[in-house]
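Here is the structure we will look at, set down as structure tokens.
Chain naming here is simple, since letters A, B, ... match the order of the sequence lines and numbering starts at 1 in each.
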2 protein chains.
Amino acid sequence: MDERRTDNGTDGDDEAAAVSRFVERFAAQLVQAGMTRMPARVFAALLSSEQGALTSAELSEQLKVSPAAVSGAVRYLAQVNLVGREREPGSRRERYRVQGDQWYDALLERDAFLRNWQTTMREGVQQFGLDTPQGRRINETLEFFLFLEKELGSLMQRWAAHRAEHLGG
Amino acid sequence: MDERRTDNGTDGDDEAAAVSRFVERFAAQLVQAGMTRMPARVFAALLSSEQGALTSAELSEQLKVSPAAVSGAVRYLAQVNLVGREREPGSRRERYRVQGDQWYDALLERDAFLRNWQTTMREGVQQFGLDTPQGRRINETLEFFLFLEKELGSLMQRWAAHRAEHLGG
DNA sequence: CTTTAACTTCACACATTTCTGAAAGAAGCG
DNA sequence: CGCTTCTTTCAGAAATGTGTGAAGTTAAAG
């Protein structure tokens, strides 16, 4: 009835296996959402880690993959702002950390993403013209993305408030 | 200065090429967003078509792919409610149509998607317990998805209103 | 300045995905 | 009831993606 503790030395293997199940399940959903497999597994592992941060070696061992694979995954994750890289001073070890405050934003990929779509739709509207059904249809899509951009901004603000209240008090 | 008309017989090839450019560009962004290539191309072609609907043969020719590929793509698109299938009475031809009203919802994949994530997060929280940093971190993620579910519902309602006013009103 | 530990890059092998051609399966039409 | 037209299924070829090992790069430590 109490198989959820981390600091229990007696069933370390079971615990590790249970963590692994959660990590792989979480990762699978990230994959389904469009993320590639290795970044997904690394991210899930970091989120499930006690400190929210792990070294390359720890990730490599826990996920049973080569350091090269970790390197590639982390490069991607850092690029999209899902993890940050830390250098512990006086050591070559690098430490990767989930960006607690940013990953909600990053998940919705608001900024660049929506802009690109809007550009494409604008071109489509211009190409077909508002006097064609296609043009009007594409224009409506453009409006949807403009609407989304506005709404997602305030949505994330509300989340920040909700979160601060719920945690910080 | 006026190279956007569809009903102009003199430059049909240029027009077709221009449409193709838009379709491929749009499709590429859908792919980037996680959709597989062929469904993305089919969807983009439908959205860019005058009636918002095309037959299998038309898609096959326009996209330069086999009927088999169209079949597979449409099966997927229908499953996720992005297109509907119509049978013109008295013909074996099937006609695929963009679901004008539904595809915004479908794009955000609200329902099933969020539920799955929530389930996974709940299991994570239970596994680690709220007395661990991991557990609290995962719990916050769970709360984010609950928040999102609620907010996206009202967001789509606002969009429906905005859209009705802008078009119908 | 050399050694050594850690991370990164790159070419390649393996796995997966994606599209095609061929054949089978429906559904109108004579 | 068979013929014809369109769609679907399926096995396999081609393209793509993914992770590894080995060599290369960087930076701390001696």
Side-chain angles (χ1 to χ4, degrees), chain A residues 20 23-24 26-46 49 51 53-80 82-97, chain B residues 20 23-24 26-46 49 51 53-80 82-97:
Chain A
S20 177
V23 167
E24 295 306 326
F26 187 5
Q29 288 187 324
L30 286 164
V31 168
Q32 209 183 351
M35 193 182 289
T36 42
R37 188 163 267 98
M38 194 56 65
R41 297 181 71 207
V42 168
F43 183 75
L46 289 175
S49 70
Q51 303 300 327
L54 294 169
T55 64
S56 179
E58 288 168 330
L59 284 166
S60 184
E61 199 217 305
Q62 188 181 330
L63 300 175
K64 300 271 186 291
V65 292
S66 70
V70 173
S71 175
V74 163
R75 174 158 43 113
Y76 168 78
L77 289 169
Q79 200 164 18
V80 298
L82 283 172
V83 311
R85 321 164 80 111
E86 301 174 354
R87 258 246 167 57
E88 323 180 41
S91 167
R92 280 137 292 204
R93 274 223 167 108
E94 207 148 11
R95 184 164 271 262
Y96 309 113
R97 177 177 300 282
Chain B
S20 177
V23 167
E24 296 305 326
F26 187 4
Q29 288 186 325
L30 285 164
V31 169
Q32 209 183 351
M35 193 183 289
T36 42
R37 187 164 266 99
M38 196 55 64
R41 297 180 71 207
V42 167
F43 184 76
L46 289 175
S49 69
Q51 303 300 326
L54 293 170
T55 64
S56 179
E58 288 169 330
L59 284 165
S60 185
E61 199 217 304
Q62 189 181 328
L63 299 175
K64 302 271 186 291
V65 293
S66 69
V70 172
S71 175
V74 163
R75 174 159 40 114
Y76 168 78
L77 290 169
Q79 200 165 17
V80 299
L82 282 172
V83 311
R85 321 164 81 112
E86 301 174 355
R87 258 243 168 61
E88 323 179 41
S91 168
R92 279 137 294 203
R93 274 221 167 110
E94 207 148 11
R95 184 163 272 261
Y96 309 113
R97 177 177 300 282

TODO: Rounded to the nearest angstrom, tell me the gap between atom CZ in B:R95 and atom P in D:dT7.
DONE: 11 Å
Task: Whole-Å distance separating the CZ atom of A:R41 from the C1' atom of D:dG19 - done: 11 Å
Open item on the list: Applying a 4.0 Å non-hydrogen cut-off, can you work out what A:T55 is touching in the nucleic acid: base, sugar-phosphate, or nothing?
Closed with: nothing
Open item on the list: Is B:S56 close enough to D:dT7 that one of its side-chain N or O atoms is under 4.0 Å from OP1 or OP2 there?
Closed with: yes
Task: A:E88 CD to D:dA28 P, straight-line distance once rounded to whole Å - done: 13 Å
Open item on the list: Does D:dC6 have OP1 or OP2 under 4.0 Å away from a side-chain N or O of B:R93?
Closed with: yes
Task: Length of the CD-P vector between B:E61 and D:dC6, whole Å - done: 14 Å
- [ ] Using a 4.5 Å cut-off on heavy atoms from C-beta on, say whether the side chain of B:Y96 contacts that of B:V42.
- [x] no
TODO: Would you mind telling me which of C:dT8, D:dT7, C:dA6 lies closest to the side-chain atoms of A:R85?
DONE: C:dT8
Task: A:F26 backbone acceptor or donor facing A:Q29 side chain under 3.5 Å - done: no
Open item on the list: Just the rounded figure in Å: distance from C1' of D:dG19 to CG of A:L59.
Closed with: 15 Å
- [ ] Mind calculating the distance between CZ (A:R75) and P (C:dC7) to the nearest angstrom?
- [x] 15 Å
TODO: Using heavy atoms to find the nearest nucleotide of DNA chain D for B:E94 and A:P39 separately, return the residue whose nucleotide is more 5′.
DONE: B:E94
Task: Per-nucleotide protein contact string for nucleotides 20-30 of chain C (B base, S sugar-phosphate only, - none; heavy atom under 4.0 Å) - done: BB-----BBS-
Task: Member of A:R97, A:R93, A:R95 meeting the side chain to side chain donor-acceptor pair (under 3.5 Å) criterion with A:E86 - done: A:R97
Open item on the list: Around atom CD of B:E24, are there more than 12 heavy atoms from other residues, nucleotides or ligands closer than 6.0 Å?
Closed with: yes
TODO: Using modelled atom types only, decide if a donor and an acceptor are shared between the side chain of B:R41 and the backbone of B:V23 within a distance under 3.5 Å.
DONE: no
TODO: Output yes when a side-chain donor or acceptor of B:T36 lies under 3.5 Å from a complementary backbone atom of B:M38, and no otherwise.
DONE: no
Open item on the list: Donor-acceptor pair, distance only, cut-off 3.5 Å: does the side chain of B:S49 make one with the backbone of B:L46?
Closed with: yes
